[in-house]
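Reading through the structure tokens given below for one structure.
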Amino acid sequence: MSTDLRSNFLRTQIQSDLDSGTVTNVVTRFPPEPNGFLHIGHAKSITVNFGLAEQFGGVCNLRFDDTNPEKESQIFIDAIRQDVQWLGYQWHGDVRYASSYFQQFYDWAHHLIEEGLAYVCDLSADQARETRGSLTAPGTNSPFRDRSIEENRTLFTAMRDGEFEDGSRVLRAKIDMASPNINMRDPILYRIRALPHHQTGDDWPIYPTYDFAHGQEDAIEGVSHSICTLEFEDHRPLYDWFIEHLPVPSKPRQFEFARLNLNYTVTSKRKLKGLVDDGSVAGWDDPRMPTIAGLRRRGYPAAAIRHFCEEVGTSRSDGVVDVAMLESAVRNELNQKAPRAMAVIDPLKVVIDNFEGSETLELANHPSEASMGTRSVNFSKEIWIEREDFREEANKKFKRLVLGKRVRLRGAYVIEAERCEKDDAGEVIAVHACLVPQQLGEDPDDGVKPKGVIHWVATDTAVVAEIREYDRLFADADPAKADDFASVLNPNSLVVKQAYAEASLVAADNESSFQFERLGYFVADRVDHTSEHLVFNKIIGLRDSWGSHG
RNA sequence: UGGGGCGUCGCCAAGCGGCAAGGCAGCGGGUUUUGAUCCCGCCAUUCGGAGGUUCGAAUCCUCCCGCCCCAGCCA
């Protein structure tokens with residue numbers, strides 16, 4: 001993780017806290033709710049929290065904020081743990097759960113009751129909303145606001161003992177129904193929900209709200225900097241209120257940053273779930289999904305995602321990052337790390353008339369990284385080339401194979417096209433060419449260099465591979481704005497093709513990525529690829545300053 | 001019309017009173033057995049606007065404009 005660290009307000013804040021002695025040990029946490037898969041926005045939060053801890057010699061916890069069992073499940077917990085580790089981070093100690101602090105929260109709720117700072121309210125959800133006031137009008141006090149401490153104690157205990165129906169009562173903090181900050185208008189601390197919890201089973205019929213739990217979770221874990229996104233800014237006064245009025249073991253502080261938005265991408269758990277549920281994609285890990293699992297299956301390297309997050313920076317201003325920036329980070333990583341190989345997706349046969357038999361060539365796996373070694377590639381009389389790399393005639397800008405002209409076969413020989421065969425429809429079905437007098441690896445003996453280089457695969461040893469060409473899921477830059485996804489989905493986000501690949505690729509491990517020369521980066525599918533049935537996902541194309549067609 | 005935030009190049013983003021970093025995108029050019037990579041160059045006399053303070057302001061003050069968030073017993 002060697003990207004240069006640029007200045008941002010969080011790093012400045014922590015440095016100053018350390019300098020002033022306000023904080024001696026930096027502790028952060030990544031606190032997902034296990035109700036869905038993590039996406040690129042969470043990756044940002046993960047790199048921010050783990051990155052800050054790493055930079056300042058602190059630690060970062062992974063804590064499941066599981067205060068609402070309704071939509072949570074163990075499935076998501078397992079997936080999230082895996083995603084965080086895949087991204088390259090290891091949390092400090094054991095995984096934490098807000099639910100493991102439920103007894104403490106309950107005791108603290110009683111503490112507030114004893115202090116006269118919390119009360120049981122019998123208002124229905126509708127009534128509570130009506131008395132909360134509006135953005136411009138103050139709320140009115142609940143008729144239950146002045147219950148005695150004893151009555152509150154009895155009632156809250158009864159809530160905990162499961163004596164009331166779901167939703168019939170709540171515990172609220174007694175703060176200020178006229179506060180201009182709606183979060184301070186006697187916020188709800190506990191609600192009754194007779195639901196089994198994935199961690200605590202049937203232990204609790206009541207569950208604490210986010211507001212009553214989060215800051216205390218931080219305090220219990222000694223979190224020094226509780227970092228969240230901007231929409232929680234209005235909750236900070238409440239966060240601080242609990243820390244101030246409860247006998248918590250430490251005093252964490254909350255800081256907010258702008259969440260990551262990407263164009264052509266949707267980053268909302270609800271919307272992503274919608275895509276999965278309506279079958280627009282094959283699942284949470286569909287290679288077109290901006291989930292960590294999807295990006296992984298697509299072949300985006302973890303390091304690229306980390307670098308991207310660093311390059312994007314962390315600030316407090318809302319913005320939309322161009323997805324091209326992510327793609328650039330992916331190309332940058334893959335260019336350095338992916339071994340090269342050759343495959344032909346839209347094949348056209350070339351017969352080299354003056355060459356007999358076959359020959360084994362040793363090709364470099366990387367053009368500038370010799371340590372990546374070489375591989376054996378078979379060359380033979382008949383080869384496949386890309387159909388678009390041949391033209392009967394073309395202008396000088398076309399640097400590929402043209403009748404009567406030369407082209408270099410990558411890593412092999414220079415050939416010259418002599419004639420082509422066509423079918424009844426006039427379609428070219430084969431090109432006849434000849435090897436120009438030359439030494440392998442040298443320019444032709446007559447000194448006439450070819451203008452271009454094309455990739456190829458020997459027909460006799462080529463292996464068939466399924467190619468899944470992925471493109472962005474949405475055709476609209478701001479898909480979240482659309483009324484229905486169907487209208488903005490890119491109809492060509494997945495095109496399945498078949499390719500002839502060089503034989504060395506049968507040895508490709510799942511999740512190993514390659515640059516298929518001149519085509520782009522591809523990864524052996526994590527799930528479906530086997531040595532008997534090769535499946536490569538297109539990760540991203542090469543940058544192309546010429547256009548895919550002339 | 002209440003409260004909380006944010007406005008620096010097409011997109012991100014440094015900058016915190018001393019005279020506008022960097023990345024992405026784009027545009028030129030060079031190298032090249034990937035039209036890739038790599039390399040070189042160009043790309044904000046200007047920081048939402050208007051006033052003011054100051055020798056000096058993107059940075060301080062005032063007013064104005066624009067955008068985002070908040071009325072779940074979600075997080």
Side-chain angles (χ1 to χ4, degrees), chain A residues 4 6-8 12 31-33 35 65 67-68 70-71 121 123-125 128-130 132-139 166-172 179-185 187-193 206-207 209-211 213-214 228-237 256 258 260 263 269-270 308 310-329 331-332 335-336 340 342 364 366-368 397-400 407-414 441 443 449-455 515-520 541-548 550:
Chain A
D4 290 336
R6 295 186 292 90
S7 172
N8 69 46
T12 301
E33 184 189 13
N35 65 347
D65 211 2
T67 57
N68 180 5
E70 212 166 329
K71 294 176 197 142
C121 180
L123 254 28
S124 68
R129 182 175 355 97
E130 284 159 16
R132 190 153 30 230
S134 72
L135 293 180
T136 51
D166 277 19
S168 61
R169 285 181 167 79
V170 293
L171 181 71
R172 302 176 71 173
S179 172
N181 180 343
I182 294 177
N183 294 305
M184 300 300 271
R185 319 241 262 225
I188 288 161
L189 276 40
Y190 269 94
R191 67 285 223 184
I192 303 173
R193 285 284 178 283
I206 57 174
Y207 291 97
T209 55
Y210 165 85
D211 285 314
H214 207 91
C228 59
T229 41
L230 251 26
E231 67 269 27
F232 290 101
E233 190 155 19
D234 290 341
H235 293 248
R236 196 169 66 218
E256 313 85 17
L260 171 68
N263 59 15
K269 273 189 204 169
R270 208 194 98 252
F308 163 71
E310 176 59 28
E311 281 159 13
V312 161
T314 306
S315 76
R316 289 174 59 85
S317 54
D318 290 305
V320 180
V321 175
D322 193 335
V323 70
M325 214 159 152
L326 208 210
E327 296 172 342
S328 169
R331 286 197 186 94
N332 186 45
N335 175 52
Q336 298 174 54
R340 314 287 117 132
M342 291 193 285
H366 191 101
S368 58
K397 300 190 74 171
F398 187 77
K399 313 198 311 188
R400 310 174 190 183
V407 79
R408 187 185 297 277
L409 296 175
R410 167 115 256 227
Y413 300 96
V414 174
D443 286 330
K449 293 164 73 163
K451 282 204 291 282
V453 182
I454 62 174
H455 57 97
Q515 182 196 105
F516 288 171
E517 298 213 43
R518 301 210 311 130
L519 294 178
L542 259 25
R543 188 173 282 105
D544 187 355
S545 58
W546 189 71
S548 54

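Just so it is clear: chains get the letters A, B, ... in the order the sequence lines come, proteins before strands, and each one is counted from 1. Quick caveat, the model's predicted, so the values are computed rather than measured.
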Using the [atom1] atom on both, measure [N] against [M] and round to a whole Å.
N: B/G35; M: B/G22; atom1: C1'; answer: 28 Å
N: B/G26; M: B/G3; atom1: C1'; answer: 42 Å
N: B/A44; M: B/G5; atom1: P; answer: 34 Å
N: B/C68; M: B/C63; atom1: C1'; answer: 22 Å
N: B/A50; M: B/C9; atom1: C1'; answer: 23 Å
N: B/C27; M: B/C19; atom1: C1'; answer: 29 Å

I want to verify a distance call: between [options], whose nearest atom is closest to the [X] side chain?
X: A/Arg132; options: B/C73, B/U37, B/C69; answer: B/C73
X: A/Gln515; options: B/A14, B/U34, B/U33; answer: B/U34
X: A/Ser315; options: B/A13, B/U34, B/G35; answer: B/A13
X: A/Thr12; options: B/G15, B/G35, B/G72; answer: B/G15
X: A/Leu542; options: B/C12, B/U34, B/C69; answer: B/U34
X: A/Ser317; options: B/A75, B/A13, B/U34; answer: B/A13

Considering Watson-Crick and G-U wobble pairs with both distances under 3.5 Å, what does [N] pair with?
N: B/G7; result: B/C65
N: B/G56; result: none
N: B/G17; result: none
N: B/U46; result: none
N: B/G2; result: B/C70

Can you check whether [X] has a side-chain N or O nearer than 4.0 Å to OP1 or OP2 of [N]?
X: A/Arg193; N: B/C74; value: yes
X: A/Arg518; N: B/U33; value: no
X: A/Ser368; N: B/U37; value: no
X: A/Ser7; N: B/G15; value: yes

Any donor-acceptor pair under 3.5 Å linking the side chain of A/Asn181 with the backbone of A/Asp234? yes

Under 3.5 Å: donor-acceptor pair, side chain of A/Asn263, backbone of A/Val323: yes

Aro-ring/base stack A/Trp546-B/G35, d under 5.5 Å, angle under 30°: yes

Would you say the side chain of A/His235 and the base of B/A75 hold a donor-acceptor pair, judged only by whether the two atoms sit under 3.5 Å apart? yes

To the nearest Å, give me how far apart [atom1] ([X]) and [atom2] ([N]) are.
X: A/Arg316; N: B/A14; atom1: CZ; atom2: C1'; result: 17 Å
X: A/Glu517; N: B/A36; atom1: CD; atom2: P; result: 13 Å
X: A/Lys449; N: B/U31; atom1: NZ; atom2: P; result: 10 Å

For nucleotides 19-28 of chain B, 5' to 3', base contacts (B), sugar-phosphate-only contacts (S) and non-contacts (-) with protein non-hydrogen atoms under 4.0 Å give ----BSS---

Could you run down the sub-3.5 Å N/O contacts of the protein with nucleotides 1-4 of chain B?
{"residue": "B/G2", "atom": "N9", "partner": "A/Leu135", "partner atom": "O", "Å": "3.2"}
{"residue": "B/G2", "atom": "N2", "partner": "A/Pro180", "partner atom": "O", "Å": "3.4"}
{"residue": "B/G2", "atom": "N3", "partner": "A/Leu135", "partner atom": "O", "Å": "2.9"}
{"residue": "B/G3", "atom": "N2", "partner": "A/Asp234", "partner atom": "OD2", "Å": "2.7"}
{"residue": "B/G4", "atom": "O2'", "partner": "A/Asp234", "partner atom": "OD1", "Å": "3.4"}

So A/Tyr210 and A/His235, would you call those rings parallel, tilted or perpendicular, with 30° and 60° as cut-offs? perpendicular

